[in-house]
Amino acid sequence: MSSTAYDMIVIGAGPGGYVAAIRGAQLGLNVAIIEREHMGGICLNWGCIPTKAMLRSAEVFHLMHRAKEFGLSATGVDYDLDAVVKRSRKVAGQLSSGVSHLMKKNKITVVMGQARLSGTDEVLVKTNKGDEVLTSAHIVLATGARARELPGLEGDGDLVWTYKDALTPKRMPKKLLVIGSGAIGIEFASFYNTLGADTTVVEVMDRVLPVEDEEVSAFAKKSFVAQGMKIREKAMVKQLDRAKGKVTAHIEQDGKVSKEEFDTVISAVGIVGNVEGLGLEEMGISVDRTHVVTDKYCRTDIAGVYAIGDIAGAPWLAHKASHEGLMVAEMIAGKAVHPIKPGSIAGCTYCHPQVASVGMTEAQARDAGHTIKVGRFPFMGNGKAIALGEAEGFVKTVFDEKTGELLGAHMVGAEVTEMIQGYVIGRQLETTEEDLMHTVFPHPTLSEMMHESVLDAYDRAIHF
C-alpha cells in the first residue's frame with residue numbers, strides 16, 4: 001500500500017473542493033484532491049449547470065411562441081426532448097473536463113476513489129487499483145450533498161424521479177407532480193410546465209419559495225398560476241401508490257386527504273450531507289442532521305480538518321462553497337482571512353420569472369428589531385424591460401431607517417439573477433442608501449430599477 005504526503009488534501013471535487021485545491025496550489029502548496037465520481041461534483045454534472053442549460057432551452061421555446069409580439073414569424077414551433085437533454089449533458093461534460101484541465105495546469109494530484117479518514121492526518125482511498133494512503137496536516141472535507149428521500153416517496157427512476165432522473169428523462173411527463181417548491185423543485189416545475197406538462201406543485205409551507213420575501217413569493221405564485229401551474233400550499237404528499245404507468249398521490253390539505261393520478265412525480269424535498277463512510281464519528285468530528293459542525297472559519301472539532309460547502313450546512317449554494325474553499329486554502333497557507341457573512345450571500349432561482357435575493361426579508365428585518373424603510377420599483381416602469389417584452393416583476397429594497405444600512409434586497413423578473421450582485425457588493429462594502437442614491441446607473445438597463453427602488457424607499461423615485 002503506497003503512502004504519499006501532501007501539504008493539503010481535499011476530499012470532493014465540487015465547486016468548493018476544486019477551488020480550494022486550485023487556490024492552495026497557487027499559493028505554493030502541494031495539493032491532492034480525491035473524487036469518487038465526477039470532476040466538478042454535483043453542481044457541474046447534475047445540478048447548477050445542466051439545469052440552467054435545460055431552462056435556457058425552455059426559455060427559447062417560450063420566446064419562439066411569442067415571436068409575433070416582436071414582429072417575427074415562427075411556425076411549427078416544437079422541441080426535441082432528447083436533443084435538449086443531449087445539449088445539457090454536453091455543457092456539463094465540457095465544464096467537467098475543464099476542471100480536469102485546471103487540475104493538470106496547477107499540478108494538483110487527482111485520485112479517483114472513495115476516501116475515508118483513517119487518522120487525524122491520514123486518508124485511506126479505495127481506488128480501482130487498490131488502496132492508497134495520503135497524509136497531510138490539513139484535510140478539507142468537501143463531499144457535498146444529495147437529494148433527501150422521504151419514506152414512501154423514494155425515486156424509482158420510472159414513475160418517481162430524483163433530480164438526476166429529471167435531468168435525463170426517458171419521456172416527457174404529461175401530468176407531473178412536483179413535491180417541494182424550493183429552488184430545485186420550482187426550477188424543474190418551470191422547465192416541464194413550459195414544455196407543456198400539466199404541472200402541480202405541492203408545498204408543505206404556507207407559500208411557494210418559502211425562503212423568499214413574502215411579496216416575491218406571492219408575485220411568483222401568481223405568475224406560475226398564469227402559466228398554467230397548479231399550486232397547493234400548506235399541503236403534504238402522504239403516500240404514493242405506484243401502478244403501471246401511473247402514480248396515485250394522497251395529498252393532505254386543510255385536514256382532508258384527496259387522491260390524484262399523475263404519470264410522473266419529481267421529489268425535491270431538500271438535501272442531506274454526504275457524511276457517510278468518511279470515518280467522521282471515529283475521529284470525533286461532530287455531525288448535526290447530516291452536516292458537519294464547523295466554526296466560522298470552517299474548522300471542525302479536529303485541528304487541521306475543515307469542512308466546506310453543502311456538507312457544512314446552509315446556505316446550500318455553490319458560490320458559498322467556492323468562497324469557503326478560497327478562505328480555507330488561504331488560511332492553510334498562512335494568509336489572513338475574513339469569515340464569510342451568510343447574510344451577504346445571494347440566492348438565485350432560475351424559474352420563469354427569475355427570483356433573486358440577498359440579506360433580510362422585510363419580515364426578518366422587523367423581527368430583528370429594525371425600524372425600516374422599504375422601496376419598490378416595478379419592471380413596467382423601466383424602459384429596457386418594456387423593450388425586452390419583460391414588463392412583469394419588481395425590485396424591493398429594505399433599509400434600516402436610522403443608519404441607512406441596506407438590510408436586504410429582493411427581486412422577481414427577467415435577469416434578476418444577474419442584477420442581484422450589485423446589491424451583494426453593496427452589502428459587502430457596507431453601503432448606505434446615500435451611496436446607492438449617488439451612484440450613476442447606466443441607461444437603458446434593467447439595473448436602473450435597482451436605483452429607483454432605493455429612491456422609492458426615501459420617497460424620491462422618478463419614474464413611478
Side-chain angles (χ1 to χ4, degrees), residues 14-15 40-59 84-85 88-89 91-92 144-150 153-157 160-169 173 176-195 197 199-205 207-212 216-217 220-221 224 227 229 231-233 235-237 262 264-274 290-291 309-311 313-321 345-357 412 416-417:
I42 291 294
C43 177
L44 267 63
N45 293 280
W46 295 105
C48 314
I49 300 303
T51 55
K52 304 313 165 282
M54 292 176 72
L55 285 161
R56 176 60 172 168
S57 294
E59 180 183 18
V84 170
V85 172
S88 171
R89 301 315 307 156
V91 170
R146 63 186 185 279
R148 182 186 300 276
E149 293 196 291
L150 299 180
L153 309 184
E154 298 93 346
D156 55 33
V160 183
W161 294 354
T162 64
Y163 63 91
K164 285 190 177 183
D165 302 315
L167 281 168
T168 54
L176 172 67
L177 170 64
V178 177
I179 307 174
S181 74
I184 296 172
I186 215 67
E187 286 182 2
F188 280 127
S190 190
F191 171 76
Y192 283 107
N193 187 72
T194 299
L195 295 190
T199 305
T200 297
V201 178
V202 171
E203 171 56 51
V204 71
M205 303 296 286
R207 54 194 173 92
V208 294
L209 297 168
V211 302
E212 300 296 342
V216 169
S217 292
K221 177 188 176 180
F224 297 152
Q227 295 168 37
M229 282 191 211
I231 306 294
R232 300 184 64 173
E233 298 160 327
M236 181 182 296
V237 177
F262 301 88
T264 310
V265 177
I266 296 176
S267 180
V269 290
I271 64 172
V272 293
N274 293 322
T290 79
H291 297 287
D310 287 356
I311 193 179
W316 296 291
L317 300 166
H319 42 288
K320 173 255 197 184
I345 298 174
C348 298
T349 305
Y350 298 81
C351 47
H352 180 72
Q354 292 182 5
V355 174
S357 61
V412 55
V416 297
T417 57

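Here, residue 1 is the first one in the sequence, and each next residue gets the next number. Heavy-atom basis, side chains included; hydrogens, waters and symmetry copies ignored.
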Checklist entry - So which pairs with a foot in residues 44-53 pass salt bridge (Lys or Arg N to Asp or Glu O under 4.0 Å), sequence neighbours left out? => result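 Qualifying pairs, neighbours excluded: Lys52-Glu187.
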Checklist entry - Any salt bridge (Lys or Arg N to Asp or Glu O under 4.0 Å) pairs touching residues 40-51, not counting sequence neighbours? => result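 As it turns out, there is no salt bridge (Lys or Arg N to Asp or Glu O under 4.0 Å) pair with a partner in residues 40-51 once direct neighbours are skipped.
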Applying side-chain contact (heavy atoms from CB on, under 4.5 Å), can you list everything that pairs with [X], at least two apart in sequence or on another chain?
X: Cys348; answer: Tyr350, Ala356, Thr417, Ile420
X: Ile231; answer: Val201, Val208, Lys221, Phe224, Val225, Met229, Glu233
X: His291; answer: Trp316

Item to check | All salt bridge (Lys or Arg N to Asp or Glu O under 4.0 Å) counterparts of Arg146, not counting sequence neighbours | outcome: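 Partners of Arg146 by the salt bridge (Lys or Arg N to Asp or Glu O under 4.0 Å) criterion, ordered by chain and then number, come out as Glu276.
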Should [X] and [Y] count as side-chain neighbours, where that means a heavy-atom distance under 4.5 Å?
X: Tyr163; Y: Ile42; answer: yes
X: Leu150; Y: Ser267; answer: no
X: Phe188; Y: Leu167; answer: yes
X: Val237; Y: Leu177; answer: yes

Checklist entry - When you look at Trp46 and Thr168, which way does the side chain to side chain contact (heavy atoms under 4.5 Å, CB included) test go after all the steps? => result CA-CA 10 Å; Trp46 295 105; Thr168 54; 3.7 Å; yes
Next on the checklist: So which atom in Pro15 and which in Gly40 form the shortest heavy-atom distance, rounded to 0.1 Å?
Outcome noted: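 Pro15 and Gly40 have their closest heavy atoms at CD-O, 3.8 Å.
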Next on the checklist: To check you understand the geometry: which heavy-atom pair defines the closest contact between Ala166 and Met54, and what is its length?
Outcome noted: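 Residues Ala166 and Met54, closest heavy atoms: O-CE, 3.8 Å.
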Checklist entry - With no hydrogens and no angle check, do the side chains of Asp165 and Thr162 hold a donor and an acceptor under 3.5 Å apart? => result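 A pair is found: one side chain offers a donor N or O, the other an acceptor, under 3.5 Å apart.
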